[in-house]
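Below is one structure, written out as structure tokens, with a few remarks after it.
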Amino acid sequence: MAQISLTFPDGNARDFPAGVTPAEVAAGISNSLAKKAISATVDGKHWDMQWPIENNASIAIHTMRDDVQALELIRHDFAHVMARAVQSLWPDVKVTIGPVIENGWYYDFDRKEPFSTEDLATIEKKMKEIINLRDIVRTEVWDRARAVAFYEANNEPYKVELIEAIPGDEPLRMYWHGDWQDLCRGPHLQHTGQLPADAFKLMSVAGAYWRGDSDRAMLQRIYGVGFQNKEGLKAHLHMLEEAAKRDHRKLGREMDLFHMQEEAPGQIFWHPNGWTIYTELQDYMRRKQRAGGYVEVNTPQVVDRKLWEASGHWEKYQEHMFIVEVDEEHAREKSINALKPMNCPCHVQIFNQGLKSYRDLPLRMAEFGSCNRYEPSGALHGIMRVRGFTQDDGHIFCREDQIESETRIYIDFLSEVYRDLGFESFRVKFADRPEKRTGSDEIWDKAEEALLNATRAAGIEPEMNPGEGAFYGPKLEFVLTDAIGRDWQCGTHQVDFVLPERLDANYIAEDGAKHRPVMLHRATLGSFERFIGILIESHAGKLPFWIAPRQVVVAAIVSDADDYVQDVTAALTAGGVRAEADVRNEKINYKVREHSLGKVPVILAVGKKEVEDRSVSMRRLGEKHSTVILLDEIVNSLSVEAKAPDLL
RNA sequence: GCCGCAGUAGCUCAGUGGUAGAGCGCGUCAUUGGUAAUGACGAGGUCGGGAGUUCAAUUCUCCCCUGCGGCACCA
């Protein structure tokens, strides 16, 4: 029999007969390793303990101590055990797919009756029983005709469809957990008893379309989380509890920032505190953009559909626009308008006024553009995904050869803003050509190359987001994360060759002829609404001093200090600090607690002593102790602290 | 938009086929208290909206609206 050589992580190599499995290799090392082993890595590939190794290779054998491999296997096996539990409880349920995801797994089932919360508990119990059976996990490679026949016989149509989608040259792997069977690429644990029965939890049921296609069947997806041990699960659940406290919807109420109500779904009623954050952020962005060479404009809210037809949005997005019809009785002729869902067509109208010269390019045009989109009801989410929002929008009209440099300049601009706002790091995704698009491949090649070059020149290697570009051009997406780890696209930078064409934008070049400019769509915050949501969550409500809506509360300890409290408050206000007096008939403990819960960054307590000394007792949010400081000093230092980062 | 769950006082929530309750908050009074809740009293609800069943619906049924968790979508 042919021999192969396996090289271990310590560099030692040993010969084995070809076709040896990691299980046999482990058994050759020690009994305990053979028992503890969960999988192997063979030539960099995660490998099942049962899979034969045919050629010389490097090999590492994993136990539960190897986090990456252990977690992947645990979650994958949990998914199988869960599916087995479901089918043993409800034999008519059809199985589909069940992948590993961050922190856990899900499995999609086809079942007529909905799974209830009580069902989850029943399934969990069944899963524990299955784990206790310590059933051996077994795998075989089948040819596809046999597999198809098998699943047809078992009335599992989804599996048949999956097999048909697998490329013909790939082996089909069949797995058995005891007598339960699934099609799966593996690897898996050696037996179900290797699963930590006390370290998983089924979290929720949700609908999910078969193959992610909204025209196909709605399946029921059960989500679970799983870890190596009970502590891992406990830590995860605790993290979720903590994240819930940072939810912007909760903090928005507690800090009295905004509210939403039925009469205006997806739109925000900004309260004074929230609006202070908003305007502070807008003032900052306005200064930054002015410094960045932008001209600011403003354009109409209600625009005739003719313009949307010309831009191409009517055809593609009509369903998602708020339509405004003007009645014939009130107008000479009936006109159909739409609330603007975006600003770009209007910006082209401004560009088109008068003749533009190549000397005007690049022309950087910005607008705090208030937009309305009829977003699908299920998409709405707090203030992060809304129907009425304001973009810090901008369009750069430039020549093709300026795309790369303008992109580079923009990435630097955005990085500065994000850094100023406390986001030291952010993710950049590069979304390239989608299947449905306009423009030649040659143009797309150039646009994609320009974006990539500029991104890399800025020292950023973007994540690839294939096929997710806009229909008119590729884009960079600047992604931030909310409290529970969901991604939100905030900034964006997109190349557009189409709109200038459709709306007939042009400039006179050096050759005296008309040329078509390229448009770069870009938004830094994205929308104020979404960005503020992210800002609140990432700071857990404890916003940086300059942007905190209530910066200082001056609290009287005794009513004899009330007049002095007013003096202190006035001095701070004169110094550009948002300060409030609290002279209510309450104890200082009460006031400190209330303002701390309200996330006020600085509380200045004053009693008899402070009145005499012209001082204050300062307590910063989150600190246990207070410091006594002279009034003049605190006014000076807080005045500086209240300045936005670009003004320091 | 689709699947599931939910909607009771400003907030967090309990509860029932016979028109409702707690804590916090709010108001009044007393208290002048030194860094995360002083005490007493009081006001406050068309039980998301509409229809149906019933002698009687906040409770049961249906429809709608809104929210939440996913999925799909995101110019």
Side-chain angles (χ1 to χ4, degrees), chain A residues 106 108 111 113-117 119 203-223 247 249-250 253-254 256 259-266 308 311-321 340-345 371 373-382 384-386 391 468-473 475 477 484 486 488-489 492 494 496 498-499 521 526-527 530 555-562 585-598 603-610 617-628:
Chain A
Y106 67 76
D108 287 348
R111 180 191 185 217
E113 303 73 34
F115 288 110
S116 66
T117 317
D119 288 341
M203 303 298 283
S204 61
V205 194
Y209 297 109
W210 169 233
R211 316 221 88 190
D213 183 344
S214 58
D215 291 330
R216 307 197 65 176
M218 175 62 70
L219 306 170
Q220 296 188 64
R221 175 172 297 179
I222 301 180
Y223 284 93
D247 191 311
R249 293 163 297 190
K250 185 175 158 70
R253 226 182 355 259
E254 290 171 358
D256 195 15
H259 85 273
M260 303 174 88
Q261 62 186 52
E262 284 194 26
E263 288 82 353
W308 307 116
S311 70
H313 292 103
W314 187 263
E315 190 194 358
K316 204 163 189 308
Y317 291 107
Q318 194 191 141
E319 299 294 301
H320 301 290
M321 287 160 90
K340 74 171 169 185
M342 56 190 348
N343 310 296
C344 30
C371 296
R373 295 179 184 176
Y374 190 78
E375 298 283 14
S377 56
L380 302 178
H381 180 90
M384 309 260 230
R385 184 83 184 265
V386 287
Q391 295 177 320
E468 294 297 319
F471 68 92
Y472 49 71
K475 62 180 180 180
E477 301 170 324
I484 64 164
R486 288 180 286 217
W488 295 90
Q489 180 196 301
T492 184
Q494 316 177 0
D496 186 354
V498 175
L499 198 61
H521 305 246
S527 84
R530 175 175 296 179
I557 296 169
V558 293
S559 56
D560 286 348
D562 286 359
N585 179 12
E586 297 292 351
K587 294 193 170 181
I588 192 64
N589 283 306
Y590 182 91
K591 294 180 183 181
V592 165
R593 178 181 151 83
E594 185 179 277
H595 300 308
S596 298
L597 289 173
I603 298 170
L604 302 179
V606 299
K608 286 190 181 123
K609 269 186 286 182
E610 287 77 9
S617 168
M618 177 172 75
R619 178 188 169 116
R620 284 194 182 262
L621 183 57
E623 287 180 1
K624 290 267 186 287
H625 298 289
S626 52
T627 355
V628 175

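All chains are named by letter (A, B, ...) in the order of the sequence lines, taking the proteins before the strands, and each is independently numbered beginning at 1.
- Taking the ring axis of A/Y209 as reference, the NZ or CZ atom of A/R211 does not stay both within 45° of it and closer than 6.0 Å to the ring centre.
- Residue contacts for A/L597: at a heavy-atom cut-off of 4.0 Å it reaches a base atom on one of the strands shown.
- At the heavy-atom level, A/A208 lies under 4.0 Å from the strands shown only through sugar-phosphate atoms.
- Inspection of the A/Q391 and A/N343 side chains reveals an N or O donor paired with an N or O acceptor under 3.5 Å.
- Taking the six-membered ring where the residue is Trp, A/H313 and A/F471 present perpendicular rings, their angle passing 60° and hence far from 30°.
- The base of B/G34 is paired with the side chain of A/E610 by a donor and an acceptor separated by under 3.5 Å.
- Across all strands shown, B/G7 forms a Watson-Crick or G-U wobble pair with B/C65, both key distances being under 3.5 Å.
- Comparing A/S377 and A/Q489 along RNA chain B, the residue whose closest nucleotide (by nearest heavy atom) sits nearer the 5' end is A/S377.
- Put simply, the side chain of A/Q220 gets close to the backbone of A/F115: a donor and an acceptor are under 3.5 Å apart.
- Using Watson-Crick or G-U wobble geometry with both donor-acceptor distances under 3.5 Å, B/G33 finds no partner in any strand shown.
- Comparing the P positions of B/G39 and B/U46 gives a spacing of 30 Å, expressed to the nearest Å.
- Judged by Watson-Crick or G-U wobble contacts below 3.5 Å, the nucleotide B/C60 has B/G52 as its partner.
- The side chain of A/R221 contributes no N or O atom lying less than 4.0 Å from OP1 or OP2 of B/G69.
- Of the candidate nucleotides B/G70, B/G7, B/G33, B/G70 has the atom nearest to the side chain of A/Y223.
- Taking 3.5 Å as the limit, the base of B/G1 and the side chain of A/Y209 contain a donor-acceptor pair of atoms between them.
- The P atoms of B/G48 and B/G7 are separated by 8 Å, rounded to the nearest whole Å.
- Of the candidates B/C73, B/U66, B/G69, the closest approach to any side-chain atom of A/S204 belongs to B/G69.
- Across all strands shown, A/R385 has heavy atoms under 4.0 Å from base atoms, whether or not it also approaches the sugar-phosphate.
- Within the 4.0 angstrom heavy-atom criterion, no nucleotide atom of any strand lies near A/G312.
- Of the candidates A/M321, A/M342, A/R385, A/R373 forms a side chain to side chain contact (heavy atoms under 4.5 Å, CB included) with just one, namely A/M342.
- Here the nucleotide nearest the side chain of A/K609, chosen from B/G67, B/A75, B/G34, is B/G34.
- A/E477 comes within 4.0 angstrom of nothing in the nucleic acid, heavy atoms only.
- The residue A/P341 sits close to a base: some heavy atom pair falls under 4.0 Å.
- The residue A/E586 sits close to a base: some heavy atom pair falls under 4.0 Å.
- Judged by Watson-Crick or G-U wobble contacts below 3.5 Å, the nucleotide B/U19 has no partner.
- Using a distance-only test at 3.5 Å, with no hydrogens or angles considered, no donor-acceptor pair links the side chain of A/E594 to the main chain of A/K591.
- With hydrogens and angles ignored, no donor-acceptor pair closer than 3.5 Å exists between the side chain of A/R211 and the base of B/A72.
- Using a 4.0 Å heavy-atom distance criterion, A/G598 is classed as making no nucleic acid contact.
- The side chain of A/R486 lies closest to B/G70 when the candidates are B/C74, B/U66, B/G70.
- Nucleotide B/C71 is matched to B/G1 when pairs are restricted to Watson-Crick or G-U wobble geometry with both distances under 3.5 angstrom.
- Which of B/C73, B/G33, B/G48 sits closest to the side chain of A/A379 comes down to B/C73.
- Put simply, the side chain of A/R216 and the base of B/C2 share no donor and acceptor less than 3.5 Å apart.
- Residue contacts for A/P114: at a heavy-atom cut-off of 4.0 Å it reaches the sugar-phosphate backbone alone, with no base atom in range.
- With P as the reference atom, B/A51 and B/A40 are 45 Å apart, rounded to whole Å.
- Atom name C1', nucleotides B/U54 and B/U61: the rounded distance is 12 Å, in whole Å.
- Rounded to the nearest Å, the gap between the P atom of B/C11 and that of B/C68 is 15 Å.
- A salt bridge is defined here as a Lys NZ or Arg NE, NH1 or NH2 lying under 4.0 Å from an Asp or Glu carboxylate O, and A/E113 with A/R111 meets this definition.
- B/A20 sits 31 Å from B/C29 when the P atoms are compared, rounded to a whole Å.
- Contact between the side-chain N/O atoms of A/H381 and the OP1/OP2 oxygens of B/G69 is found at a separation under 4.0 Å.
- B/G17 sits 15 Å from B/C47 when the C1' atoms are compared, rounded to a whole Å.
- For RNA chain B, the neighbouring residues in residues 587-596 of chain A, judged by any heavy atom under 4.0 Å, are A/K587, A/I588, A/N589, A/Y590, A/V592, A/R593, A/S596.
- One can place OH of A/Y106 at 15 Å from C1' of B/C3, the figure rounded to the nearest angstrom.
- Here B/C26 sits opposite B/G42 as a Watson-Crick or G-U wobble pair (both hydrogen-bonding atom distances under 3.5 Å).
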(message) Set out, in order, the CA-CA distance, both residues' side-chain angles and the distance that settles side chain to side chain contact (heavy atoms under 4.5 Å, CB included) for A/R221 and A/V205, then state yes or no.
(response) CA-CA 5 Å; A/R221 175 172 297 179; A/V205 194; over 6 Å; no

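- With a 4.5 Å cut-off on side-chain heavy atoms, A/R530 and A/W488 count as touching.
- Side-chain atoms of A/M218 lie closest to B/G70 of the nucleotides B/A75, B/U66, B/G70.
- Two residues, A/M260 and A/Q220, neighbour RNA chain B, and the one matched to the more 5' nucleotide by heavy-atom proximity is A/Q220.
- The side chain of A/Y317 has B/C74 as its nearest neighbour among B/G67, B/C73, B/C74.
- As judged by a 4.0 angstrom heavy-atom cut-off over every strand, A/K250 is placed among residues making no nucleic acid contact.
- Contacts of A/Y472 with the nucleic acid, taken as non-hydrogen atoms under 4.0 Å apart, involve only primed sugar atoms and P, OP1 or OP2.
- Between A/R486 and A/H381 the shortest side-chain heavy-atom distance falls below 4.5 Å.
- Looking at every heavy atom in both residues, A/P345 comes nearest to A/L499 through N-CD2, 4.2 Å.
- Comparing B/G15 with B/A22, their P atoms are spaced 15 Å from each other, to the whole Å.
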(request) Begin with the C-alpha distance, continue with both residues' side-chain angles, and end with the deciding distance and a verdict on side chain to side chain contact (heavy atoms under 4.5 Å, CB included) for A/V592 and A/R619. (result) CA-CA 9 Å; A/V592 165; A/R619 178 188 169 116; 3.7 Å; yes

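- Separating the CE atom of A/M203 from the C1' atom of B/G4 is a distance of 16 Å, rounded to the nearest angstrom.
- Between the side chain of A/R373 and the base of B/C74, no donor-acceptor pair under 3.5 Å is found.
- The side chain of A/A206 approaches B/G69 more closely than any other nucleotide in the set B/G69, B/U66, B/G34.
- We find that CD of A/Q261 is positioned 13 Å from C1' of B/G10, with the value rounded to whole Å.
- Set against B/A75, B/G33, B/C65, the side chain of A/K608 has B/G33 as its closest nucleotide.
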